[in-house]
Amino acid sequence: GCLCLANFALFVVTLSTIGGVGAERSAIEFEKKTHANNLEHKRVIDNNMIIMTHEVEKLRAELANAEKRARAAMVATAANPSKLTFLFVHLEVLT
């Protein structure tokens, strides 16, 4: 789970009331474990960001391609209005 600052502070206060070298060692181990958990959490978040960035790039490319196809279809229709029926059928197949 997530170890928040308040939990850590409570842990340290509890250890300081117990006292002794064992308590200090436990505090150090707790900090090491918390640090390792935080590093793993950061690694997962970084990987997710990379995946999302790639997905956004794919979607942008798809959008640009769809816009180009739509512009080309409009130009073709303007040049030859008889292709209007073909354009609508073709666009329905694409969607």
Side-chain angles (χ1 to χ4, degrees):
C2 181
L3 301 172
C4 67
L5 189 58
N7 288 343
F8 179 70
L10 180 60
F11 181 75
V12 171
V13 168
T14 303
L15 287 178
S16 66
T17 59
I18 295 171
V21 175
E24 290 175 10
R25 197 169 309 153
S26 294
I28 291 169
E29 290 302 316
F30 179 81
E31 286 183 39
K32 284 181 184 178
K33 187 174 182 179
T34 301
H35 182 69
N37 287 339
N38 288 343
L39 286 177
E40 176 63 17
H41 185 69
K42 182 186 179 315
R43 187 188 65 75
V44 169
I45 289 173
D46 289 346
N47 285 340
N48 287 341
M49 289 295 292
I50 291 169
I51 290 168
M52 285 189 284
T53 300
H54 289 192
E55 288 298 318
V56 167
E57 289 171 358
K58 285 182 196 177
L59 290 171
R60 284 184 178 150
E62 284 182 35
L63 179 61
N65 191 21
E67 289 172 345
K68 286 178 188 177
R69 285 195 317 258
R71 277 194 299 275
M74 288 192 318
V75 167
T77 302
N80 189 355
S82 65
K83 292 185 178 183
L84 187 59
T85 304
F86 171 76
L87 172 66
F88 285 125
V89 171
H90 186 68
L91 288 177
E92 286 178 10
V93 171
L94 291 178
T95 56

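Position 1 is the first residue of the sequence; numbering continues from there. Bear in mind that the values here come from a model prediction, so they are computed numbers and not experimental data.
To the nearest 0.5 Å, atoms CD1 (Ile51) and CG (Asp46) are separated by 11.0 Å. Expressed to the nearest 0.5 Å, how far CE of Met52 lies from CG of Asn47 amounts to 10.5 Å. Here the straight-line distance linking atom CG of Asn48 with atom CZ of Arg43 works out to 9.5 Å at 0.5 Å rounding. Residue Lys68 holds its NZ atom at 7.5 Å from CZ of Arg71, rounded to the nearest 0.5 Å.
Among the candidates His41, His35, Lys33, the single residue satisfying the side-chain contact (heavy atoms from CB on, under 4.5 Å) test with Asn37 is Lys33.
Salt-bridge check for Glu57 with Arg60: failed, with every basic side-chain N at 4.0 Å or more from each acidic carboxylate O.
Remark: Glu29 pairs with Lys32 by the side chain to side chain contact (heavy atoms under 4.5 Å, CB included) rule, at least two apart or across chains.
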